[in-house]
Q: 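Following this message is one structure expressed as structure tokens.
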Amino acid sequence: MTRPMKPSPSVFAHLSVDLDERSYPIVIGRHLLDHDEFARHIPGKRVAIVTNTIVAPLYLARLTAMLEAAGKQCLPIVLPDGEEAKNADNLMRIFTALLEHKCDRKTTLVALGGGVIGDMTGFAAATYMRGVPFVQVPTTLLAQVDSSVGGKTAINHPLGKNMIGAFYQPQAVLADTATLASLADRELSAGLAEVIKHGAIIDADFFRWQEQNMARLMARDDEALAHAIRRSCEIKADVVRQDEREGGLRAILNFGHTFGHAIEAGLGYGEWLHGEAVGCGMVMAADLSVRLGYLAPEDKARIVALVEAAGLPTVAPDLGEARWLELMEVDKKNEDGRIKFILLKPLGQATITGAPADALKATLAACTKA
Ligand code: NAD
Ligand code: GLY
């Protein structure tokens with residue numbers, strides 16, 4: 001019987017996150033999963049692949065075959081799907097599987113999936129036996145443009161999103177863009193929210209490129225997606241290089257997240273996707289930026305138009321003013337009980353600041369109505 005030909009890999013970009021002895025590569029390309037040459041980025045002989053019930057039937061066998069061809073022993077750990085699964089119970093399931101199979105300190109954890117699997121696997125790697133190597137194999141657009149890079153790992157607590165976690169860098173990020181073919185349209189849009197974010201806070205030219213190319217991105221044009229992933233990773237890697245543990249600058253990557261996290265927690269995790277909440281949150285942050293005189297109203301209109309063109313919501317759920325404020329008070333950026341916002345000053349640059357209560361209340365009122 002002839003074996004099917006493996007598609008040949010094409011590498012679009014080979015970037016680096018420069019953090020001295022903890023520096024690591026980001027490889028972005030098509031069909032990386034099929035080629036054992038990429039196994040050299042995965043240290044050790046034993047590998048535990050953490051994934052979920054949606055991604056496992058799609059890509060686990062291929063990743064396992066690739067790693068086994070490179071001489072590695074693989075242990076699959078398949079968790080339930082969804083943001084609501086990003087919790088202590090599932091973290092414990094990872095530890096239990098590792099202990100039951102006598103995985104030692106040289107076992108590498110590989111996160112095969114979206115941001116939920118990536119964040120949870122990273123936290124497991126940071127804490128199992130006080131730290132084992134891990135590699136990100138992101139399979140959603142959101143994970144390929146954002147969550148797999150930079151070493152933020154976490155699980156949710158019922159009282160707040162991503163509240164329990166650690167900074168722990170992977171040894172490599174291997175982003176196979178061919179995996180995006182199976183992604184639901186809604187998930188593609190969620191990833192585009194973080195792409196828009198990168199343009200809005202740092203690179204007005206990239207924002208303009210997105211305005212011109214959003215239809216191609218929505219149609220999953222390979223070249224357009226490769227550019228968006230590459231530029232997003234470059235921007236994120238540069239911010240992380242300058243401020244790995246969010247002493248200051250890195251907080252700008254939370255543009256849209258103060259409002260977005262409140263939407264996610266207020267509606268219940270999983271009701272709106274993280275990227276949807278961030279998309280709407282960016283519209284709210286832009287509205288507040290205009291009210292404080294930082295952003296021109298026409299630039300806010302451009303943000304609303306781009307978020308809408310990416311298929312994301314631009315009108316927030318009406319949680320009630322008191323609940324909004326209560327939810328935003330549980331945010332890691334806050335200091336002395338004061339809510340901190342990432343605002344645009346102007347488009348293409350971000351500032352971290354508090355906001356007067358009347359302006360914030362006006363934004364909440366304006367953005368929860370069509
Ligand atoms: P997700 O991990 O839940 O993935 C979205 C859905 O797509 C899931 O149902 C998943 O099983 C499915 N899926 C994954 N890959 C697929 C594929 N190739 N084909 C078909 N289906 C696929 O969500 P996400 O949007 O990737 O990540 C969101 C999470 O990332 C949130 O928990 C958020 O807090 C976190 N996040 C972390 C960082 C960070 O810096 N660590 C940054 C941004 C977001
Ligand atoms: N997604 C925010 C950060 O990585 O800092």
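Numbering starts at 1 and runs along the sequence shown. Note that ligands are numbered from 1 as they come in the structure, with each ligand's atoms numbered from 1 the same way.
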Q: Ligand 2: which protein N/O atoms lie under 3.5 Å from its N/O atoms?
A:
{"residue": "ligand 2", "atom": "1 (N)", "partner": "D146", "partner atom": "OD1", "Å": "3.4"}
{"residue": "ligand 2", "atom": "4 (O)", "partner": "K236", "partner atom": "NZ", "Å": "2.6"}
{"residue": "ligand 2", "atom": "4 (O)", "partner": "R250", "partner atom": "NH2", "Å": "2.8"}
{"residue": "ligand 2", "atom": "5 (O)", "partner": "K152", "partner atom": "NZ", "Å": "2.9"}
{"residue": "ligand 2", "atom": "5 (O)", "partner": "R250", "partner atom": "NE", "Å": "2.7"}
{"residue": "ligand 2", "atom": "5 (O)", "partner": "R250", "partner atom": "NH2", "Å": "3.4"}

Q: Does ligand 1 have a heavy atom under 4.0 Å from the side chain of L273, from its backbone, from both, or from neither?
A: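 No part of L273 comes within reach of ligand 1.
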
Q: Heavy-atom contact check, 4.0 Å cutoff: does K236 meet ligand 1?
A: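 K236 counts as a contact of ligand 1 under the 4.0 Å cut-off.
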
Q: How far is atom 38 (C) of ligand 1 from its nearest protein heavy atom, and which residue and atom is that?
A: S147 CB, 3.2 Å

Q: Angle class for the H41/H14 ring planes (parallel below 30°, perpendicular above 60°, tilted otherwise)?
A: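 Correct class here is tilted.
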
Q: In the protein, which heavy atom is nearest to atom 37 (C) of ligand 1, and how far is it?
A: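 Protein heavy atom with the smallest distance to atom 37 (C) of ligand 1: D119 OD2, 3.1 Å.
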
Q: Consider every N or O of K86 and every N or O of ligand 1, then say whether any pair is closer than 3.5 Å.
A: yes

Q: Which residue and non-hydrogen atom of the protein lie closest to atom 12 (C) of ligand 1, and at what distance in Å?
A: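 In this structure, atom 12 (C) of ligand 1 has I54 CG2, 4.2 Å as its nearest protein heavy atom.
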
Q: Give me the nearest non-hydrogen protein atom to atom 30 (O) of ligand 1 as residue plus atom name, then the distance to 0.1 Å.
A: G115 CA, 3.3 Å

Q: Please output the side-chain donor-acceptor pairs of residues 261-268 that fall under 3.5 Å, not counting sequence neighbours, one pair per line with the distance.
A:
{"residue": "E264", "atom": "OE1", "partner": "H274", "partner atom": "ND1", "Å": "2.9"}

Q: Before signing off on this row, confirm whether V116 and ligand 1 have an N or O atom pair separated by under 3.5 Å.
A: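 Min N/O separation from ligand 1 is below 3.5 Å for V116.
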
Q: For atom 15 (N) of ligand 1, which protein heavy atom lies nearest, and how many Å away is it?
A: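 Nearest neighbour among protein heavy atoms for atom 15 (N) of ligand 1, to 0.1 Å: T139 OG1, 2.7 Å.
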
Q: Check this for me - ligand 1, T153, N or O atoms closer than 3.5 angstrom, yes or no?
A: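 T153 vs ligand 1: no N/O contact under 3.5 Å.
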
Q: Taking only heavy atoms of S182, which atoms of ligand 1 are found under 4.0 Å from at least one of them?
A: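 Checking each atom against S182, I get 17 (C), 18 (N), 19 (N), 20 (C).
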
Q: Got more than 12 heavy atoms from elsewhere within 6.0 Å of CE, M163?
A: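 Atom CE in M163 is packed in, count exceeds 12.
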
Q: Looking only at non-hydrogen atoms, which of V149, V278, D81, D176 approaches atom 9 (O) of ligand 1 most closely?
A: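 The nearest heavy atom belongs to D81.
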
Q: Mind checking whether T140 has an N or O less than 3.5 Å away from an N or O of ligand 1?
A: yes

Q: Backbone, side chain, both or neither: what part of E187 comes under 4.0 angstrom of ligand 1, heavy atoms only?
A: side chain

